Amino acid sequence: MSAPPVDYYSSLQVDSHATQQQVRDAYKKAALRHHPDRVPADSPERASRTKKFQQINDAYYTLSDPTRRREYDLTRTSFYGFAGGSGKQDHETAADEEIPRPEPSAGGAGGFASNFPWSAFGFGGKAKTESDANNFSNEQFGSVFEEMMADQGMAEGSDNEPTKRFWSLVGGASGGAMGFIVANVPGAIAGAVAGNRLGAVRDKRGKSVYSVYQELEQPDKMRLLSELASKVFAHAIS
(Lines give C-alpha, C1' and ligand atoms only; values in the text may rest on other atoms or scores of the structure.)
Protein backbone atom coordinates (compact mmCIF):
# COMPACT_ATOMS: atom_id res chain seq x y z
CA MET A 1 0.00 0.00 0.00
CA SER A 2 1.47 3.33 -1.04
CA ALA A 3 0.04 5.63 1.64
CA PRO A 4 2.61 6.52 4.33
CA PRO A 5 1.85 5.66 7.97
CA VAL A 6 0.01 8.29 9.99
CA ASP A 7 -1.38 8.57 13.50
CA TYR A 8 -4.83 7.06 13.01
CA TYR A 9 -6.43 9.41 15.53
CA SER A 10 -5.01 12.42 13.71
CA SER A 11 -6.17 10.94 10.41
CA LEU A 12 -9.78 10.96 11.65
CA GLN A 13 -9.29 14.12 13.75
CA VAL A 14 -10.58 12.53 16.93
CA ASP A 15 -9.33 12.26 20.48
CA SER A 16 -7.76 8.95 21.46
CA HIS A 17 -10.55 8.54 24.02
CA ALA A 18 -13.28 9.02 21.41
CA THR A 19 -16.23 6.64 21.59
CA GLN A 20 -16.90 4.16 18.79
CA GLN A 21 -19.79 6.32 17.58
CA GLN A 22 -17.56 9.39 17.50
CA VAL A 23 -15.01 7.44 15.47
CA ARG A 24 -17.72 6.39 13.02
CA ASP A 25 -19.08 9.92 12.70
CA ALA A 26 -15.57 11.27 12.15
CA TYR A 27 -14.96 8.68 9.45
CA LYS A 28 -18.11 9.70 7.57
CA LYS A 29 -17.03 13.33 7.50
CA ALA A 30 -13.40 12.61 6.64
CA ALA A 31 -14.29 10.14 3.88
CA LEU A 32 -16.77 12.55 2.30
CA ARG A 33 -14.39 15.49 2.58
CA HIS A 34 -11.45 13.73 0.93
CA HIS A 35 -13.11 11.21 -1.40
CA PRO A 36 -11.34 11.10 -4.80
CA ASP A 37 -14.69 11.32 -6.60
CA ARG A 38 -15.13 14.86 -5.28
CA VAL A 39 -12.88 16.01 -8.14
CA PRO A 40 -12.82 15.22 -11.90
CA ALA A 41 -11.12 12.01 -13.00
CA ASP A 42 -8.29 13.97 -14.66
CA SER A 43 -7.79 16.38 -11.75
CA PRO A 44 -4.19 16.77 -10.48
CA GLU A 45 -5.66 16.39 -6.98
CA ARG A 46 -6.83 12.86 -7.70
CA ALA A 47 -3.64 11.07 -6.62
CA SER A 48 -3.28 12.93 -3.32
CA ARG A 49 -6.96 12.46 -2.55
CA THR A 50 -6.69 8.73 -3.24
CA LYS A 51 -3.74 8.47 -0.83
CA LYS A 52 -5.61 10.42 1.85
CA PHE A 53 -8.72 8.30 1.33
CA GLN A 54 -6.66 5.15 1.85
CA GLN A 55 -5.22 6.59 5.08
CA ILE A 56 -8.68 7.46 6.36
CA ASN A 57 -9.95 3.97 5.61
CA ASP A 58 -6.91 2.35 7.22
CA ALA A 59 -7.59 4.42 10.33
CA TYR A 60 -11.27 3.53 10.45
CA TYR A 61 -10.63 -0.16 9.82
CA THR A 62 -8.36 -0.21 12.87
CA LEU A 63 -10.22 2.10 15.24
CA SER A 64 -13.75 0.87 14.48
CA ASP A 65 -13.03 -2.60 15.85
CA PRO A 66 -12.48 -2.74 19.65
CA THR A 67 -9.89 -5.51 19.46
CA ARG A 68 -7.89 -3.94 16.64
CA ARG A 69 -8.11 -0.56 18.35
CA ARG A 70 -6.88 -1.94 21.67
CA GLU A 71 -3.90 -3.60 19.98
CA TYR A 72 -3.10 -0.42 18.07
CA ASP A 73 -3.31 1.70 21.23
CA LEU A 74 -0.98 -0.62 23.11
CA THR A 75 1.56 -0.62 20.30
CA ARG A 76 1.25 3.13 19.76
CA THR A 77 1.86 3.79 23.44
CA SER A 78 4.78 1.36 23.58
CA PHE A 79 6.57 2.89 20.60
CA TYR A 80 5.82 6.56 21.09
CA GLY A 81 4.92 6.93 24.72
CA PHE A 82 1.46 8.31 24.01
CA ALA A 83 -0.72 8.28 27.09
CA GLY A 84 -3.93 9.14 25.33
CA GLY A 85 -4.64 12.77 24.49
CA SER A 86 -5.92 14.30 21.32
CA GLY A 87 -5.41 13.29 17.73
CA LYS A 88 -6.66 16.70 16.57
CA GLN A 89 -3.31 18.16 15.61
CA ASP A 90 -3.74 21.00 13.13
CA HIS A 91 -6.98 19.71 11.63
CA GLU A 92 -6.04 20.18 8.00
CA THR A 93 -2.44 19.04 7.89
CA ALA A 94 -1.54 16.69 10.73
CA ALA A 95 -3.19 13.65 9.19
CA ASP A 96 -1.07 14.06 6.07
CA GLU A 97 2.19 13.94 7.97
CA GLU A 98 4.12 10.92 9.05
CA ILE A 99 4.35 10.45 12.80
CA PRO A 100 7.65 11.92 14.08
CA ARG A 101 10.05 9.10 14.75
CA PRO A 102 12.69 9.38 17.50
CA GLU A 103 16.26 9.02 16.36
CA PRO A 104 17.52 5.41 16.66
CA SER A 105 19.69 4.80 19.69
CA ALA A 106 21.69 1.76 20.63
CA GLY A 107 19.79 -0.44 23.03
CA GLY A 108 17.10 2.17 23.73
CA ALA A 109 13.42 2.13 22.96
CA GLY A 110 14.02 4.75 20.28
CA GLY A 111 15.95 2.18 18.31
CA PHE A 112 12.73 0.33 17.67
CA ALA A 113 10.56 3.34 16.88
CA SER A 114 11.48 3.41 13.21
CA ASN A 115 10.30 -0.18 12.96
CA PHE A 116 6.72 0.46 14.10
CA PRO A 117 4.74 -2.53 12.75
CA TRP A 118 2.37 -0.61 10.49
CA SER A 119 1.57 -3.73 8.48
CA ALA A 120 -0.12 -5.16 11.56
CA PHE A 121 -2.78 -2.44 11.39
CA GLY A 122 -5.11 -0.94 8.83
CA PHE A 123 -5.57 -3.27 5.90
CA GLY A 124 -2.02 -4.42 6.62
CA GLY A 125 -0.67 -7.29 4.60
CA LYS A 126 -4.00 -7.80 2.83
CA ALA A 127 -3.37 -4.80 0.56
CA LYS A 128 -0.45 -6.00 -1.54
CA THR A 129 -0.94 -3.54 -4.38
CA GLU A 130 -2.39 -0.10 -5.02
CA SER A 131 -5.42 -1.78 -6.55
CA ASP A 132 -5.91 -3.86 -3.40
CA ALA A 133 -5.78 -0.73 -1.26
CA ASN A 134 -8.36 1.01 -3.43
CA ASN A 135 -10.64 -2.03 -3.39
CA PHE A 136 -10.51 -2.35 0.39
CA SER A 137 -11.13 1.39 0.82
CA ASN A 138 -14.08 1.38 -1.57
CA GLU A 139 -15.63 -1.72 -0.03
CA GLN A 140 -15.45 -0.28 3.47
CA PHE A 141 -16.75 3.12 2.38
CA GLY A 142 -19.63 1.46 0.54
CA SER A 143 -21.37 0.17 3.65
CA VAL A 144 -21.13 3.53 5.40
CA PHE A 145 -22.19 5.35 2.22
CA GLU A 146 -25.36 3.25 2.08
CA GLU A 147 -26.09 4.00 5.72
CA MET A 148 -25.76 7.75 5.05
CA MET A 149 -27.93 7.50 1.94
CA ALA A 150 -30.62 5.65 3.91
CA ASP A 151 -30.50 8.36 6.58
CA GLN A 152 -31.20 10.92 3.86
CA GLY A 153 -34.08 8.94 2.36
CA MET A 154 -32.13 8.02 -0.77
CA ALA A 155 -31.87 4.27 -0.08
CA GLU A 156 -34.37 1.81 1.35
CA GLY A 157 -34.94 -1.84 2.18
CA SER A 158 -32.57 -4.54 3.37
CA ASP A 159 -30.57 -4.22 0.14
CA ASN A 160 -30.37 -0.41 0.31
CA GLU A 161 -31.85 0.09 -3.12
CA PRO A 162 -32.05 3.65 -4.52
CA THR A 163 -35.28 5.54 -3.87
CA LYS A 164 -37.10 7.99 -6.12
CA ARG A 165 -35.42 10.76 -4.15
CA PHE A 166 -32.03 9.40 -5.20
CA TRP A 167 -33.03 9.18 -8.86
CA SER A 168 -34.57 12.64 -8.73
CA LEU A 169 -31.29 14.06 -7.45
CA VAL A 170 -29.22 12.27 -10.09
CA GLY A 171 -31.78 13.07 -12.76
CA GLY A 172 -31.84 16.71 -11.76
CA ALA A 173 -28.09 16.88 -12.14
CA SER A 174 -28.44 15.32 -15.58
CA GLY A 175 -31.30 17.45 -16.86
CA GLY A 176 -34.24 15.99 -14.94
CA ALA A 177 -34.71 12.92 -17.12
CA MET A 178 -34.17 10.22 -14.51
CA GLY A 179 -36.67 11.57 -12.03
CA PHE A 180 -39.42 11.73 -14.65
CA ILE A 181 -38.82 8.16 -15.76
CA VAL A 182 -38.89 6.66 -12.29
CA ALA A 183 -42.06 8.59 -11.49
CA ASN A 184 -43.63 7.08 -14.62
CA VAL A 185 -44.76 10.39 -16.07
CA PRO A 186 -45.76 9.47 -19.64
CA GLY A 187 -44.55 11.64 -22.47
CA ALA A 188 -42.43 13.81 -20.22
CA ILE A 189 -39.16 13.14 -22.01
CA ALA A 190 -38.10 13.16 -25.64
CA GLY A 191 -37.83 9.70 -27.19
CA ALA A 192 -34.07 9.30 -27.53
CA VAL A 193 -33.24 10.58 -24.07
CA ALA A 194 -36.07 8.61 -22.49
CA GLY A 195 -34.97 5.39 -24.13
CA ASN A 196 -31.40 5.70 -22.91
CA ARG A 197 -32.38 6.72 -19.38
CA LEU A 198 -35.10 4.11 -19.02
CA GLY A 199 -32.66 1.40 -20.04
CA ALA A 200 -30.22 2.64 -17.42
CA VAL A 201 -32.85 2.57 -14.70
CA ARG A 202 -33.97 -0.96 -15.54
CA ASP A 203 -30.39 -2.19 -15.55
CA LYS A 204 -29.87 -0.77 -12.08
CA ARG A 205 -33.02 -1.98 -10.37
CA GLY A 206 -32.29 -4.52 -7.68
CA LYS A 207 -28.82 -3.13 -7.06
CA SER A 208 -27.69 -1.37 -3.91
CA VAL A 209 -27.37 2.38 -3.98
CA TYR A 210 -23.58 2.11 -3.77
CA SER A 211 -23.44 -0.26 -6.74
CA VAL A 212 -25.49 2.25 -8.71
CA TYR A 213 -23.29 5.10 -7.51
CA GLN A 214 -20.19 3.34 -8.81
CA GLU A 215 -21.75 3.12 -12.27
CA LEU A 216 -22.63 6.81 -12.48
CA GLU A 217 -20.69 9.19 -14.67
CA GLN A 218 -18.04 11.20 -12.85
CA PRO A 219 -19.94 14.53 -12.87
CA ASP A 220 -22.92 12.79 -11.25
CA LYS A 221 -20.68 11.23 -8.61
CA MET A 222 -19.23 14.63 -7.79
CA ARG A 223 -22.65 16.22 -7.43
CA LEU A 224 -24.03 13.36 -5.36
CA LEU A 225 -21.10 13.34 -2.92
CA SER A 226 -21.22 17.11 -2.58
CA GLU A 227 -24.94 16.98 -1.83
CA LEU A 228 -24.46 14.19 0.70
CA ALA A 229 -21.54 15.98 2.34
CA SER A 230 -23.54 19.18 2.73
CA LYS A 231 -26.30 17.26 4.52
CA VAL A 232 -23.93 15.29 6.77
CA PHE A 233 -21.94 18.37 7.79
CA ALA A 234 -25.10 20.42 8.33
CA HIS A 235 -26.42 17.69 10.61
CA ALA A 236 -23.13 17.62 12.54
CA ILE A 237 -23.26 21.39 13.08
CA SER A 238 -26.87 21.36 14.19
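These figures come from a predicted structure and were not determined experimentally.
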Contacts of E227 that satisfy salt bridge (Lys or Arg N to Asp or Glu O under 4.0 Å) - sequence neighbours left out
K231

Quick one: pull up CD1 in I56 and CZ in R33 and give me the separation to the nearest 0.5 Å.
8.0 Å

Who passes side-chain hydrogen bond (donor to acceptor under 3.5 Å, both in side chains) against E45, sequence neighbours left out?
R49

Side-chain (R24) to main-chain (S64) donor-acceptor, under 3.5 angstrom:
no

Below 6.0 angstrom between ring centroids: does that apply to F53 and H35?
yes

Could you state the interatomic distance from CG (L63) to CZ (R70), rounded to the nearest 0.5 Å?
13.0 Å

With Y27 via ring pair (Phe, Tyr, Trp, His ring centres under 6.0 Å) - residues at least two apart
Y60

If two hydrophobic side chains count as joined below 4.5 Å and joins carry through other members, does M222 share a cluster with V212?
no

Side chain to side chain contact (heavy atoms under 4.5 Å, CB included) between Q54 and N134, intermediate numbers included
CA-CA 7 Å; Q54 291 173 358; N134 287 334; 2.8 Å; yes

Please name all residues satisfying side chain to side chain contact (heavy atoms under 4.5 Å, CB included) with D65, sequence neighbours left out, ordered by chain then number.
T67, R68

Please report the interatomic distance CE(M149) to CZ(R165), rounded to the nearest 0.5 Å.
9.5 Å

Can you name the side-chain hydrogen bond (donor to acceptor under 3.5 Å, both in side chains) partners of K28, sequence neighbours left out?
E147

Take K207 and D159 through the test salt bridge (charged side-chain N to carboxylate O under 4.0 Å, His left out) and record every step on the way to the result.
CA-CA 7 Å; K207 294 184 179 181; D159 294 328; over 6 Å; no

Would you call F166 and Q152 a side-chain contact if the rule is heavy atoms closer than 4.5 Å?
no

I'd like to know if the side chain of S78 reaches the main chain of L74, judged simply by a donor and an acceptor atom lying under 3.5 Å from each other, with no hydrogens or angles considered.
no

Less than 6.0 angstrom separating the ring centers of Y8 and F121, yes or no?
no

Just say parallel, tilted or perpendicular for the rings of Y213 and Y210, cut-offs at 30° and 60°.
parallel

Mind checking whether E71 and T62 have side chains closer than 4.5 Å, heavy atoms only?
no

Do the side chains of L225 and V144 join up, straight or via other hydrophobic residues, at under 4.5 Å, putting them in one cluster?
yes

So, taking the atom named CG in D37 and the one named CG in L224, what distance separates them when rounded to the nearest 0.5 Å?
10.0 Å

Not counting sequence neighbours, which residues clear side-chain hydrogen bond (donor to acceptor under 3.5 Å, both in side chains) with Q20? List them please.
R69

Please answer: with hydrophobic residues joined when any side-chain heavy atoms are less than 4.5 Å apart, are L216 and F141 in the same cluster?
yes

Going by side chain to side chain contact (heavy atoms under 4.5 Å, CB included), name the residues that satisfy it together with N135, two or more places apart in sequence or in a different chain.
S131

Using the test side-chain hydrogen bond (donor to acceptor under 3.5 Å, both in side chains), find all partners of E146 that sit at least two apart in sequence or belong to another chain.
N160, S208

In this structure, CG of N57 is separated from NZ of K52 (nearest 0.5 Å) by 12.0 Å

Would you find a donor on one side and an acceptor on the other, under 3.5 Å apart, between the side chain of S11 and the backbone of D7?
no

State, yes or no, whether a side-chain contact exists between M154 and P162 at a heavy-atom distance under 4.5 Å.
no

D58 vs F136, side chain to side chain contact (heavy atoms under 4.5 Å, CB included): CA-CA, chis, key distance, verdict:
CA-CA 9 Å; D58 257 7; F136 282 124; over 6 Å; no

Flag yes if L228 and L169 sit in one hydrophobic cluster, no otherwise; membership is Ile, Leu, Val, Met, Phe, Trp, Tyr, and two members link when side-chain heavy atoms are under 4.5 Å apart.
yes

With salt bridge (charged side-chain N to carboxylate O under 4.0 Å, His left out) as the test, would you mind laying out the steps for R223 and D220 before giving the verdict?
CA-CA 5 Å; R223 295 186 185 99; D220 287 341; 3.3 Å; yes

Main-chain N/O of V39 paired to Q218 side chain as donor or acceptor, under 3.5 Å
yes

Using side chain to side chain contact (heavy atoms under 4.5 Å, CB included) as the criterion, list what pairs up with Q22, not counting sequence neighbours.
A18, T19

With rounding to the nearest 0.5 angstrom, report the CG to OG distance, N138 to S143.
11.5 Å

Given side chains that start at C-beta, do those of E161 and V209 come closer than 4.5 Å, heavy atoms only?
no

